[in-house]
**Q** 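Right, I'll just put the structure down here and ask away after.
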Amino acid sequence: MKIATWNVNSIRQREKHVAGWLERCQPDVLLLQEIKCEAAAFPALPYHGLGYRSEAVGQKAYNGVAVLARVPFEVRQRALPGLPAEDAQARYIEIVTDGITIAGIYLPNGNSGGDAGYAYKLAWLDRLAERAEALLEADEPLVIAGDFNVCPADDDLAAGALSPSDALVRPETRARFRRLLWQGLTDAVRAVHPHGAVYTFWDYQAGAWQRDSGLRIDHALLSPTLAERLVAAAPDREERALPQPSDHVPVVVELR
DNA sequence: ATGCCGGGTCCTACCCGA
């Protein structure tokens, strides 16, 4: 089983990239982030031709997540449980396929909006930990994947790519990511590539891609029984070299 | 640390991303 996650930075700008990548990679499930449109505007039709069904949780202009799958699935949640009901940011979709729960997430960046913006990111991470705990206690096979906006450790960013006070690397941010690992989740890419740079994002500015000044912020976390089935997990760097790319590349996890 | 790029929208100067 192949599960992938990709922050596409606008699905309307990246529709052809996604269709081409699906043909090339043939994942069973693809989680998308930053679709940047309302669900009704999600361009589902071309993907149907490739045998994929889509479900989108969107909003105008910002955020937005979606699932494309060629296996049958059911949507369980369209928002992260535990967040205030008035929180309308489209950042979470949770599906079940073949008994496996898959959560697709777009975690708040946390650098805008001052103290309140960062507090929102930490609160979101706390609610995610609670959701993970509930699903792990139910002993369901679980994947949480997406754009976490967290560089978990110093290997996960190029020298000088971020300030030490950046919301992606602050100790409070990293502590909450580690908590997810202590809860029993396995960071799939790090399990396969224990050391060094395995970047998933390169800024559009200042020649970041050409200088390989990247970040590892897109992750796939696996519950114990799924971690035992892990055979491969890696970002697909090829996508970043194509014309008009997203600033993120797909991360692909293969389970036996 | 910011806004060099690139997406969005109140259509055009400004917000947001990481």
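Proteins get letters first, then strands, A, B, ... in listed order; numbering begins at 1 in each.
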**Q** Does a salt bridge link A:E94 with A:R78, judged by any charged N lying under 4.0 Å from a carboxylate O?
**A** no
**Q** Looking only at the side chains, is there a donor atom on one of A:K36 and A:N9 sitting less than 3.5 Å from an acceptor on the other?
**A** yes
**Q** Of all the nucleotides listed (B:dC16, B:dG17, B:dT9), which has the minimum atom distance to the side chain of A:R12?
**A**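 Nearest to the side chain of A:R12 among the choices is B:dT9.
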**Q** For the pair made of CG in A:D203 and P in B:dT2, what is the distance, rounded to whole Å?
**A** 15 Å
**Q** Rounded off to whole Å, could you give me the OH-to-C1' distance for the A:Y204 and B:dG8 pair?
**A**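 Rounded to whole Å, this separation is 12 Å.
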**Q** Let me spell it out: for each of A:S10 and A:G113, pick the nucleotide of DNA chain B with the closest heavy atom. Which residue's pick is nearer the 5' end?
**A** A:S10
**Q** Using a 4.0 Å heavy-atom cut-off across all strands, classify A:N149 as base, sugar-phosphate, or nothing.
**A**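 Counting heavy atoms under 4.0 Å across all strands, the contact made by A:N149 is with sugar-phosphate only.
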**Q** So A:L162, base contact, sugar-phosphate only, or nothing? Heavy-atom distance under 4.0 Å.
**A** nothing
**Q** Reckon A:F148 touches a base, only the sugar-phosphate, or nothing at all at heavy-atom distances under 4.0 Å?
**A**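 Since no nucleic acid heavy atom lies under 4.0 Å of A:F148, the category is nothing.
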**Q** Inspect the contact between A:R24 and A:D236 and indicate whether a charged nitrogen and a carboxylate oxygen are less than 4.0 angstrom apart.
**A**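 Yes, charged N to carboxylate O under 4.0 Å.
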**Q** Could you tell me how far apart A:K60 (NZ) and B:dC11 (P) are, to the nearest whole angstrom?
**A**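 After rounding, the reported distance stands at 11 Å.
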**Q** Rounding to an integer number of Å, can you tell me how far A:E34 CD sits from B:dG6 P?
**A** 15 Å
**Q** CG of A:D247 versus C1' of B:dC16: gap in Å, rounded?
**A**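 The answer, rounded to whole Å, is 12 Å.
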**Q** Rounded to the nearest Å, what distance is computed from the CG atom of residue A:L168 to the P atom of nucleotide B:dT2?
**A**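 So the CG-P distance, A:L168 to B:dT2, works out to 15 Å.
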**Q** Which nucleotide in the set B:dT9, B:dG17, B:dG7 lies at the smallest distance from any side-chain heavy atom of A:R14?
**A**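 So the nucleotide nearest the side chain must be B:dG7.
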**Q** Can you work out whether A:N63 or A:G160 has the more 5'-proximal nearest nucleotide on DNA chain B?
**A** A:G160
**Q** Hey, does the Lys NZ or Arg CZ of A:R53 hover above the aromatic six-ring of A:F73, less than 6.0 Å from the centre and inside 45° of the axis?
**A** yes
**Q** Counting side-chain heavy atoms from C-beta on, which of B:dC5, B:dG8, B:dC10 comes nearest to A:A61?
**A**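 Comparing B:dC5, B:dG8, B:dC10 against the side chain of A:A61, the answer is B:dG8.
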**Q** Any side-chain heavy atom of A:Y118 sitting closer than 4.5 Å to one from A:T173?
**A**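 Yes, close enough: below the 4.5 Å cut-off.
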**Q** Determine the contact category for A:S163: base if any of its heavy atoms lies under 4.0 Å from a base atom, sugar-phosphate if only primed atoms, P, OP1 or OP2 are that close, otherwise nothing.
**A**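 Here A:S163 touches the bases of the nucleic acid.
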**Q** Does any donor-acceptor pair link the side chain of A:Q13 with the base of B:dG7 at a separation under 3.5 Å?
**A**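 Per atom types, no contact qualifies.
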**Q** Using a 4.0 Å heavy-atom cut-off, does A:N7 contact any base of the nucleic acid, only the sugar-phosphate backbone, or nothing at all?
**A** sugar-phosphate
**Q** Would you measure the distance from the P atom in B:dG3 across to the matching atom in B:dT12 and give it in whole Å?
**A** 24 Å
**Q** Taking B:dC11 as the reference, what is the distance to B:dA1 when you measure between their C1' atoms (whole Å, please)?
**A**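 Result for the C1' pair: 31 Å, nearest Å.
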**Q** What is the distance, rounded to the nearest whole Å, between atom CH2 of A:W209 and atom P of B:dG6?
**A** 15 Å
**Q** Ring of A:F201, cation from A:R216 - is the NZ or CZ under 6.0 Å from the centre and inside 45° of the axis?
**A**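 No, A:R216 does not sit over the ring of A:F201.
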**Q** With rounding to whole Å, what would you report as the distance between B:dC16 and B:dC10 at their P atoms?
**A** 14 Å
**Q** According to a strict under-4.0 Å criterion, is A:S112 in side-chain N/O contact with OP1 or OP2 of B:dG17?
**A**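 Yes, such a contact exists.
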**Q** Quickly work out the A:D147 CG to B:dC16 C1' distance and round it to whole Å.
**A**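 Nearest whole value for this atom pair: 13 Å.
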**Q** So what does A:Q244 touch, heavy atoms closer than 4.0 Å: a base, only the sugar-phosphate, or nothing?
**A**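 Contact class for A:Q244: none.
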